Amino acid sequence: VTSPYGNNLHMKENGTHGQFAFTTHEAGNYLACFWVDGHNPKATDVSVNLDWRTGVAAKDWESVARKEKIEGVELELRKLEGAVEAIHENLLYLKNREAEMRTVSETTNTRVAMFSIMSLAVCITASSMQLLYLKRYFQKKKLI
């Protein structure tokens, strides 16, 4: 498993099964690579099952319960508290994204309005110039 900045978080060769966990504060895309050695003729079927957890779901609640000597309802309340904090953080993130998107939308709306006004001004100017040109042309030909 490689972090977005190229740091190796986990590497295991010749593994047939296992589990591991890591905690990081780097945001971005993490890369998990799996490969089958082509020199092993017995390996005909290969299956990979991933359970990739993030946030509250990734926390090891059993170790928290042992460490803080809590159980039952109090442990469930801790889990719920973690879930509420995760939801709150997600809502704040969505609120910030919505504000950014609103700003982008308003800026785009202003630009489109200015483009429309400029386009209308160009059309009116071109029409006026055509009218003046045609009026002069017909006056010169003595049709008006």
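The chain is numbered in sequence order, starting from 1. Model, not experiment: these values are computed from the prediction.
Using a 4.5 Å heavy-atom threshold, the side chains of Leu143 and Tyr137 count as separate. Between His88 and Leu92 there is a side-chain heavy-atom pair separated by less than 4.5 Å.
Note: Leu120 CG to Ile117 CD1 = 8.0 Å, rounded to the nearest 0.5 Å. To the nearest 0.5 Å, atom CE of residue Met118 and atom CE of residue Met114 are 8.0 Å apart. We find the CZ-OG distance between Arg111 and Ser116 to be 14.0 Å, quoted to the nearest 0.5 Å.
Counting only distance, with no hydrogens or angles, the side chain of Thr110 and the backbone of Glu106 share a donor-acceptor pair below 3.5 Å. Side chain of Ser3 to main chain of Asn7: a donor-acceptor pair is present (N/O by atom type, distance under 3.5 Å, no hydrogens or angles). Under the 3.5 Å distance criterion, the side-chain polar atoms of Thr107 are matched with a main-chain donor or acceptor of Thr103.
Heavy-atom minimum distance, Pro4 versus Asn29: CG-O, 3.5 Å.
Between Ser128 and the choices Thr125, Leu131, Ile124, the side-chain contact (heavy atoms from CB on, under 4.5 Å) rule is met once, by Ile124.
The environment of CG in Asn96 is crowded: more than 12 heavy-atom neighbours from other residues, nucleotides or ligands sit within 6.0 Å.
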Exercise for review: Determine, step by step, whether Arg97 and Glu100 satisfy the salt bridge (Lys or Arg N to Asp or Glu O under 4.0 Å) criterion, reporting the C-alpha distance in whole Å, the side-chain angles of both residues, the deciding distance to 0.1 Å, and the verdict.
Suggested key: CA-CA 5 Å; Arg97 291 284 297 157; Glu100 291 172 10; 3.4 Å; yes
